[in-house]
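What you see is a predicted model; the values in this text were computed from it and never measured.
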Amino acid sequence: VQLQAFGGGLVQAGGSLTLSCAFSGRTFGRYAMGWFRQAPGKEREFVSVVTWSGGSTYYGDSVKGRFTISRDNAKNTVYLQMSSLKPEDTAVYYCAAKMSGSDFDRYAYNYWGQGTQVTVSS
């Protein structure tokens with residue numbers, strides 16, 4: 001499995017950004033897809049997950065109400081729409097894929113993308 005995340009960049013506080021993650025190498029629809037982020041000096045943090053069908057989504061408390069995850073199984077792509085961005089959202093964002101295990105536990109994810117930097121200026 002290969003995951004490639006892109007769409008990061010520099011944005012002002014209050015702005016919006018959409019990340020994309022392209023999946024290849026296996027049947028995309030069999031995997032739950034998650035987004036995690038890691039700021040300098042901090043642990044990798046759960047951001048959001050969407051189940052294999054797209055029927056259920058979950059969010060970390062710090063992004064709930066501001067971020068929206070979605071997937072397009074026809075395009076083998078998962079998205080993270082981020083709005084009302086804050087400086088504390090600054091981090092490297094990673095997409096990840098898993099077939100089983102906890103949605104919120106990074107160690108349950110089998111495959112990871114390379115990460116894309118999001119920087120929110122105040």
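From Leu17, atom CG reaches atom CD of Gln12 across 12.5 Å, with rounding to the nearest 0.5 Å. Taking CG from Leu19 and OG1 from Thr77, the interatomic distance works out to 12.5 Å, rounded to the nearest 0.5 Å. For the atom pair Tyr93 OH and Leu80 CG, the distance stands at 7.5 Å (nearest 0.5 Å). Between the CZ atom in Arg37 and the CZ atom in Arg44 there is a gap of 13.0 Å [rounded to 0.5 Å]. In this structure, CZ in Phe36 is found 11.0 Å from SG in Cys95, a value given to the nearest 0.5 Å. Atom OG in Ser16 sits 9.5 Å away from atom CZ in Phe67 (nearest 0.5 Å).
Under the 4.5 Å side-chain criterion, counting only non-hydrogen atoms from C-beta, Tyr94 is not in contact with Arg106. Using a 4.5 Å heavy-atom threshold, the side chains of Tyr59 and Thr68 count as touching. Between Asn73 and Arg71, some side-chain heavy-atom pair lies under the 4.5 Å cut-off. Taking the side chain as every heavy atom from C-beta outward, Arg66 and Met82 never approach each other to under 4.5 Å.
Classified by interplanar angle (parallel below 30°, tilted 30° to 60°, perpendicular above 60°), the ring pair Phe104/Tyr58 is perpendicular. Between Phe23 and Tyr31, the ring planes are tilted. Angles from 30° to 60° get that label.
In summary, the side chains of Glu88 and Ser62 do not present any donor paired with an acceptor at a separation below 3.5 Å, with no hydrogens or angles considered.
Residues Ser70 and Val78 share a closest heavy-atom pair of O-CG2, 3.1 Å. Contact detail for Tyr109 and Ser102: the closest heavy-atom pair is CE1-O, 4.1 Å. For the pair Ser20 and Tyr79, the tightest heavy-atom approach, listed with the atom from each and the gap, is OG-CD2, 3.4 Å. When all heavy atoms of Leu3 and Tyr111 are compared, the pair lying nearest together is CD1-O, 3.4 Å.
In this structure, the side chain of Thr51 engages the main chain of Ser56 through a donor-acceptor pair within 3.5 Å. Judged by distance alone, the side chain of Gln4 and the main-chain N or O of Gln114 form no donor-acceptor pair under 3.5 Å.
More than 12 heavy-atom neighbours from other residues, nucleotides or ligands sit within 6.0 angstrom of CH2 on Trp112. Within 6.0 Å of NZ in Lys64 there are more than 12 heavy atoms belonging to other residues, nucleotides or ligands. Counting heavy-atom neighbours within 6.0 Å of Gln2 CD, excluding the residue itself, gives a total of 12 or less.
Salt bridge Asp89/Lys86: absent, no basic N to carboxylate O contact under 4.0 Å.
There is a path of hydrophobic side-chain contacts, each under 4.5 Å, that joins Phe28 to Trp35. In terms of hydrophobic clustering, with Ile, Leu, Val, Met, Phe, Trp and Tyr side chains grouped at heavy-atom distances under 4.5 Å, Val92 and Phe46 are assigned to a common cluster. Transitive grouping of hydrophobic side chains (ILVMFWY, heavy atoms separated by less than 4.5 Å) keeps Leu10 and Leu85 in distinct clusters. Note on Phe6 and Val50: separate hydrophobic clusters, where clusters join Ile, Leu, Val, Met, Phe, Trp and Tyr whose side-chain heavy atoms are under 4.5 Å apart, directly or indirectly.
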request  = Go through the steps for Thr90 and Gln117 under the test side chain to side chain contact (heavy atoms under 4.5 Å, CB included), then give the verdict.
outcome  = CA-CA 8 Å; Thr90 296; Gln117 175 71 46; 4.0 Å; yes
